[in-house]
Structures are given as C-alpha cells and as structure tokens.
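Since this is a predicted model, take the numbers as computed values, not measurements.
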Amino acid sequence: MLTASAAITMTFPCELYAATQDAEVVSLRKELAAMRREMQGEIQHLQLRIARYERTDGQAEPRVRVAGSRVHRQVNSSGAPDATPVFAQQEATHHLPIAPEGPRSAADSRLVSSEGPAESWSDFRAATAKDETVQVGGIQIGFPNGRPTIASEDKAYAFSIGLTAQEDIGGFLGAGPKGGEAAGNFNKLTENARRLRIYMSWRYKDWIVNVTPDFGSSSVDGTVGLFEANLNYTGLHHTTLTVGYFQPRMEEESAERANAFEFLERATIVDLVRNLAGGVARFSVGGEHYEKRWLAAAYFTGQKFGDRTKDTTITDSQTGGMVRLVGRPYVTKDIDVHVGASGTAAFKVNENSTGRNYTFSDNMEVPLGETSLVTSGALSNVAQIWAAGPQFGFRWRRFLLKGEYYHIGVQRNQQSMGAILPSLGFDGWYVAANYTLFGHPRAYNEKTAAFTTPGVEYDFDPLHNHWGALEVSGRWSVTNLNDVPNQGGKGIDGNQQTVWQGGFNWYPNRHIKFMLDYARYIVSSSKGVSGNVNLFGRTGSAIVGRVQATF
C-alpha cells in the first residue's frame with residue numbers, strides 16, 4: 001500500500017494538489033467576485049458624480065435628473081470633505097433649462113400632510129430611500145416631502161421637523177345688531193393666525209414621539225397652546241398604538257386632517273361632537289388598525305391639556321372614550337363608497353367648584369374670532385354626555401359627495417332639592433359636495449379612512465401651461481341645540497344654526513394652498529349667548545381667504 005501510494009503521488013502530483021486546495025480556491029473566487037461587484041458599484045457611483053457634479057474650467061456640466069436617486073457626501077480620511085454635492089433641485093449659475101416638476105402620479109401628487117398618521121419603521125425606510133440625502137459619516141440628512149430629517153444610516157434613529165401655517169383674512173357683511181341687542185364681535189375686515197404648528201418627531205425604529213406646539217390654537221389670534229405630545233408604537237401590521245396628548249378622530253372630517261379640509265373649518269356639529277371626549281391635545285390611550293377596505297379605532301380619553309390651568313377649581317377630571325368603524329363596500333377606478341359609524345361619550349365631565357356643568361357653543365364655521373351665536377346654554381348637573389351617528393361618502397370620478405349625522409344625548413343628575421332635571425337630545429348634520437376642476441381629483445386614503453386633497457400633477461408654471469390643481473365645494477350644515485324650555489336656566493333656551501357655504505381651493509404645488517370661502521349663516525335667538533348679543537336671532541354673511549403652507 002505504501003508503494004502504491006508513492007507511485008500515485010509521483011504519477012499524478014497536480015491532481016492531488018488541486019484536490020487538497022479545492023476549498024481555498026472556492027473561497028478566493030468568492031472574494032474576487034465580491035471585490036468585482038464592489039468595484040463596479042464604486043465605478044458607477046463615480047460616473048454619476050462626474051456626470052452630475054464635476055465642473056470643468058469653472059463651467060457647470062449639464063446635470064441629469066435621476067428620479068429617486070440618492071446623493072451622498074463622504075468625509076475622506078484627511079478630514080476634508082470632497083467635492084460638495086448639488087441637489088437635483090438646486091440650480092447652478094450656468095445651466096440648461098429645467099423641465100417642469102412632474103408629471104406626478106395620482107398617489108404622489110397629494111398635498112403634503114404634516115399630521116401623520118405615524119409611519120412604521122419599514123414604511124419610513126421605504127419613503128426615505130427614494131429621497132435625496134447628504135451623508136456625513138453614519139448620519140444622513142434629507143428633505144423627504146420637504147421636511148428636514150436627520151437619520152442614522154439604517155434609519156433606526158431619526159428626527160424631523162414639519163410645519164403647518166394657516167393665515168386667514170376676511171370679514172362679515174350684514175351682521176349688525178337688531179334693536180336692543182349688543183353688537184358683538186363681527187369685524188368687517190380682520191386677520192387671524194389659525195394654525196401655526198411646528199411638528200417635531202423623534203424615532204427609534206417603530207417607536208415615535210411627537211411633540212407639536214401650536215402658536216395659533218384658537219380662532220382668537222395670538223393664543224398659544226399644544227397640539228400633541230404623545231408616544232406611538234407602529235411595529236404591528238397596519239396598526240398604531242398611542243398614549244399621551246393626542247387628537248382621537250371619530251368623524252370623517254376630522255380624519256381628513258386640517259391640511260386637507262374642503263372649507264376653512266369643520267361643520268359645527270362635528271366640532272361639538274369631537275370635543276366631547278376628543279379634540280386637540282386630549283389625553284388618550286388607544287389605537288387604530290386599517291386595511292385596504294376598512295378601519296377600526298378606539299381610545300380611552302381623559303382631560304385636555306391645560307384644563308386645570310384654565311380652571312384651578314377642578315376637583316375631578318373628565319373621563320371618556322370614542323370608537324370608529326368604517327369601510328369601503330364598493331371600490332372601482334371611478335367609484336369609491338365610504339360608510340361607517342362612530343360614537344363618543346364623556347362618562348363624567350370635569351367637576352369644579354360649581355359642580356359638573358357643560359355648555360355647547362360654536363362659531364359660524366368662520367375662524368375670525370367672532371362671537372359664537374349657537375349655544376345650548378349652561379347645562380348644570382350633567383351626569384354623562386354621549387353622541388353617535390353614521391357617516392357616508394361617495395366619489396364618482398372628479399365629483400365627491402359626503403355627509404355625517406350625529407345625535408347628542410345629555411343625562412343629568414337630581415338637583416339638591418330633589419327635582420329631576422330632564423335629559424336632553426340635540427341633533428346636527430352636514431352635506432358637502434366637491435368637484436375638482438383640474439388636477440388629480442380627490443381620492444380615498446385607506447390609512448385614515450377619509451378623502452384627501454386633489455393632486456398636483458405639475459407645479460404651477462404658466463410658461464409651460466401648468467396651473468396646479470383647483471376644486472370648488474359647497475356645504476349645508478344644521479345644528480339644533482334646542483330641546484326643552486329653560487334647559488340652560490330660567491328663560492334660557494338653546495337655539496339652531498344653519499350655514500350655507502361655498503368656496504374654491506387652489507393648490508399651486510404640494511405644499512401651498514389658497515382658500516376662498518363665502519358663508520351665509522342663519523341663527524335663531526337665545527338668551528344664552530353672553531352679552532345679550534342674540535336676543536332676536538341673527539343672519540349675515542362672511543367672506544374669508546386663507547393662505548396655507550405644509551411641510
């Protein structure tokens with residue numbers, strides 16, 4: 001056997017060597033293939049930089065727009081940065097004419113929403129992957145949807161700042177008092193900063209913290225408050241869980257977000273209902289889940305941010321809750337049907353030095369700091385308040401029709417003398433119609449279960465015959481807060497308000513919106529309006545414009 005082995009070794013030395021080295025050769029081949037792929041990637045990267053950024057004899061080379069490309073800035077080993085990159089949107093001193101922004105698909109053309117919903121980690125990575133970024137070490141800086149964002153390379157850590165700014169200007173016509181009435185506040189021309197919100201978001205993977213101060217948190221100019229301060233978890237499929245100061249959204253108009261409103265403000269009945277146990281900066285614990293054809297949401301809620309500052313005599317804070325369930329029973333390219341129902345309840349309202357009291361009151365759907373005319377009067381000994389109702393929406397091509405109805409129930413405790421105060425029932429509804437004149441029409445957003453803005457296919461550019469998007473809307477809303485005589489105290493009844501409204505909204509691009517609304521209001525009399533402003537009923541009109549920016 002030894003002799004045979006020696007003979008084989010002498011006869012076939014190459015084959016034996018190849019057999020013993022086979023594993024090392026395979027490993028080396030893999031390493032070489034990986035090096036080739038890496039070198040090819042570096043070559044492509046350098047070619048892109050040469051084509052887009054390098055300058056020859058001080059002249060800018062024509063740049064090629066690459067949709068979805070990512071630009072990086074690296075710091076070399078000497079500590080000095082290499083050639084500074086130029087974003088695709090930035091113009092050089094000498095350049096070729098740049099083509100208009102667009103065309104955009106319907107999905108990518110909507111007005112930028114600064115209010116969420118919160119993105120999961122996977123959605124965030126997918127969204128930022130197609131946006132241009134500047135990379136310094138392991139940090140990436142970019143502007144997805146125009147929002148400054150700083151993120152780690154794996155997107156696990158991120159911080160972003162967004163903005164909503166709404167400035168209103170307008171006034172009232174024919175709002176003068178009748179004999180014996182006080183004039184009230186109905187300016188013929190005034191301005192108001194309606195919403196001035198700075199959205200700050202911190203992310204660690206699927207955990208997001210939102211803090212949003214609001215420097216225009218009221219229809220009274222100069223009011224500063226908080227829009228939200230909450231913690232969100234998005235690690236479950238199509239689900240967002242939230243705790244903190246938040247705005248639970250139970251109505252379709254609230255779910256649209258303030259940036260996407262058809263009119264300056266929600267219908268009065270929607271504002272009254274949403275503030276029972278929801279509204280801006282309400283302490284909330286709950287969540288929502290969506291699928292392509294339905295959405296469900298539920299929240300347990302407490303007091304609003306600042307309640308105990310506004311009223312230092314509060315001894316027992318409010319608790320409540322809300323639930324929303326909606327679906328899309330029929331969907332085609334040209335047709336979208338939305339149906340649903342929602343309910344809310346204040347299990348107990350805030351108790352202060354005068355007991356548990358509640359007053360329903362709202363303006364005429366015009367946010368100019370005017371005197372509110374519709375009211376229930378001050379309701380005393382309130383045990384519980386609830387509201388529920390259906391919502392409906394129908395889109396056919398460029399036409400959208402929608403409406404909601406809500407019934408409000410007020411249960412009351414016995415008075416100290418043993419008399420039983422009657423329970424009360426109020427009603428309200430609205431019907432709105434909308435038509436997109438040009439641009440992509442309004443569409444359904446399955447993540448919010450609501451209709452969103454028209455889409456801007458091309459940014460406003462008259463030289464290329466591009467005009468953005470334009471829509472026209474009309475709405476009829478009725479709110480009836482009158483049920484029984486003396487419901488708000490001796491001689492104080494509730495009243496009814498009807499508002500007819502029409503308007504145009506123009507979107508020159510995905511960040512800017514111009515609105516112009518005309519409102520005609522008819523309000524019945526009530527002594528419950530402070531200052532004897534509405535002793536005989538009021539009618540009048542308002543014309544208001546708005547400039548809005550969102551990032």
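Note that the CG atom of L481 and the CZ atom of F360 stand 7.5 Å from one another [nearest 0.5 Å]. In this structure, the separation between CZ on R398 and CG on D334 is 11.0 Å, given to the nearest 0.5 Å. Here the CZ-OG1 distance, from F347 to T319, works out to 6.5 Å after rounding to the nearest 0.5 Å. Atoms CD1 and OG, from I492 and S526 in turn, are 7.0 Å apart once rounded to the nearest 0.5 Å. Atom CD1 of I161 is separated from atom OG of S114 by 13.0 Å, given to the nearest 0.5 angstrom.
For the pair Y435 and S473, the minimum side-chain heavy-atom distance is 4.5 Å or more. Y405 is not listed as a side-chain neighbour of Q391, based on a closest heavy-atom distance of 4.5 Å or more. Contact of the L189 side chain with the I169 side chain is registered, since non-hydrogen atoms from C-beta on lie closer than 4.5 Å. A heavy-atom distance below 4.5 Å is not found between the side chains of N357 and L379. Between L295 and R324, some side-chain heavy-atom pair lies under the 4.5 Å cut-off.
Side-chain polar atoms of N350 and N352 form no donor-acceptor pair below 3.5 angstrom. Checked by atom type, the side-chain pair D336/Y330 shows no donor-acceptor distance below 3.5 Å. There is no side-chain donor-acceptor pair under 3.5 Å between T452 and N445. A donor-acceptor contact closer than 3.5 angstrom links the side chains of Y518 and S541. Of the N and O atoms on the side chains of N434 and E471, at least one donor lies less than 3.5 Å from an acceptor on the other residue. For the residue pair T479 / D362, no side-chain donor-acceptor distance below 3.5 Å is found, with atom types taken as modelled. At a cut-off of 3.5 Å, with distance as the only test, no side-chain donor of E288 or T240 sits close to an acceptor on the other residue.
More than 12 heavy atoms of other residues, nucleotides or ligands shown are found within 6.0 angstrom of CZ on R520. Around atom NZ of K527, no more than 12 heavy atoms belonging to other residues, nucleotides or ligands sit under 6.0 Å away.
For the pair G179 and F536, the tightest heavy-atom approach, listed with the atom from each and the gap, is O-CE1, 3.0 Å. Taking each heavy atom of R195 and R197 in turn, the nearest pair found is NE-NH2, 3.5 Å. Here the closest non-hydrogen pair linking G425 and D483 is N-OD2, 2.9 Å. Heavy-atom minimum distance, E181 versus L535: OE2-N, 2.9 Å. Across T301 and P248, no two heavy atoms sit closer than the pair CG2-CG, 4.0 Å. When all heavy atoms of H407 and D427 are compared, the closest pair comes out as ND1-OD1, 2.9 Å.
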Exercise for the section: Start with the C-alpha gap between Q303 and Q318, add the side-chain angles, then the distance that decides, and say whether side-chain hydrogen bond (donor to acceptor under 3.5 Å, both in side chains) holds. Expected result: CA-CA 5 Å; Q303 67 182 14; Q318 173 175 315; over 6 Å; no
**Request:** Take D307 and I314 through the side-chain contact (heavy atoms from CB on, under 4.5 Å) test and state the conclusion after the steps.
**Result:** CA-CA 8 Å; D307 274 0; I314 291 178; 4.2 Å; yes
Q | Verdict with supporting geometry, R249 and E115, salt bridge (charged side-chain N to carboxylate O under 4.0 Å, His left out) | A | CA-CA 12 Å; R249 297 170 173 90; E115 296 184 10; 3.3 Å; yes
inquiry  = Before you tell me yes or no, could you show the steps for E404 and R266 under salt bridge (charged side-chain N to carboxylate O under 4.0 Å, His left out), namely the whole-Å CA-CA distance, both residues' side-chain angles and the distance that decides it to 0.1 Å?
reply    = CA-CA 11 Å; E404 298 180 71; R266 307 170 185 88; over 6 Å; no
After noting the C-alpha distance and the side-chain angles of T359 and T375, does the key distance pass the side-chain contact (heavy atoms from CB on, under 4.5 Å) rule?
CA-CA 7 Å; T359 301; T375 183; 3.8 Å; yes
Check step by step if side-chain hydrogen bond (donor to acceptor under 3.5 Å, both in side chains) holds for N534 and S525. CA-CA 5 Å; N534 190 23; S525 62; over 6 Å; no
Under the salt bridge (charged side-chain N to carboxylate O under 4.0 Å, His left out) rule, what do R104 and E457 come out as? Steps first, then yes or no, please. CA-CA 5 Å; R104 299 184 181 94; E457 184 176 8; over 6 Å; no
- Between L368 and D168, is a side-chain contact (heavy atoms from CB on, under 4.5 Å) present by the stated rule, with each step listed? CA-CA 8 Å; L368 289 176; D168 299 340; 4.3 Å; yes
Hey, mind stepping through T550 and L163 against side-chain contact (heavy atoms from CB on, under 4.5 Å) and telling me if it holds?
-> CA-CA 5 Å; T550 55; L163 171 72; over 6 Å; no
Could you walk me through whether K348 and D316 satisfy the salt bridge (charged side-chain N to carboxylate O under 4.0 Å, His left out) test, starting with their C-alpha distance in whole Å, then the side-chain angles of each, then the deciding distance to 0.1 Å, before giving a yes or no?
CA-CA 9 Å; K348 61 177 182 179; D316 190 14; 2.9 Å; yes
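A side chain to side chain contact (heavy atoms under 4.5 Å, CB included) with L516 holds for exactly one of I543, V544, N505; it is I543. A side chain to side chain donor-acceptor pair (under 3.5 Å) with S254 is found for one member of E252, E256, E251, R257 and no other, namely E251.
Ring centroid separation for the pair Y299 and F246 comes in under the 6.0 Å cut-off. Here the two rings, on Y430 and W476, have centers that are 6.0 Å apart or farther. Ring centroids of W506 and F460 are separated by less than 6.0 Å, placing the two rings close together. Between F451 and Y444, the ring center distance clears the sub-6.0 Å criterion.
Within the 3.5 Å criterion, the main-chain N or O of L264 finds a donor-acceptor partner in the side chain of D517. Although no hydrogens or angles enter the test, the distance criterion places no donor-acceptor pair under 3.5 Å between the side chain of T242 and the main chain of N232. When atom types are taken as modelled, the side chain of K447 and the backbone of P117 share no donor-acceptor pair closer than 3.5 angstrom.
For L226, the side-chain contact (heavy atoms from CB on, under 4.5 Å) criterion is met by A229, Y245, F305, not counting sequence neighbours. For R475, the salt bridge (charged side-chain N to carboxylate O under 4.0 Å, His left out) partners two or more places apart in sequence, or in a different chain, are E253, E365.
Using a 30° and 60° split on the angle between ring planes, H238 and Y290 fall in the parallel class, below 30°.
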Review item, side-chain donor-acceptor pairs of residues 274-283, under 3.5 Å, at least two apart:
from: R274; atom 1: NE; to: D271; atom 2: OD1; distance (Å): 2.8
from: R274; atom 1: NH1; to: Q247; atom 2: OE1; distance (Å): 2.8
from: N275; atom 1: OD1; to: K304; atom 2: NZ; distance (Å): 2.7
from: N275; atom 1: ND2; to: D271; atom 2: O; distance (Å): 2.9
from: R282; atom 1: NE; to: G278; atom 2: O; distance (Å): 2.9
from: R282; atom 1: NH1; to: G302; atom 2: O; distance (Å): 3.0
from: R282; atom 1: NH2; to: N275; atom 2: O; distance (Å): 2.9
from: R282; atom 1: NH2; to: G278; atom 2: O; distance (Å): 3.4

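Cation-pi geometry between R147 and F551 is not met: the NZ or CZ atom fails to fall both under 6.0 Å from the ring centre and inside 45° of the normal.
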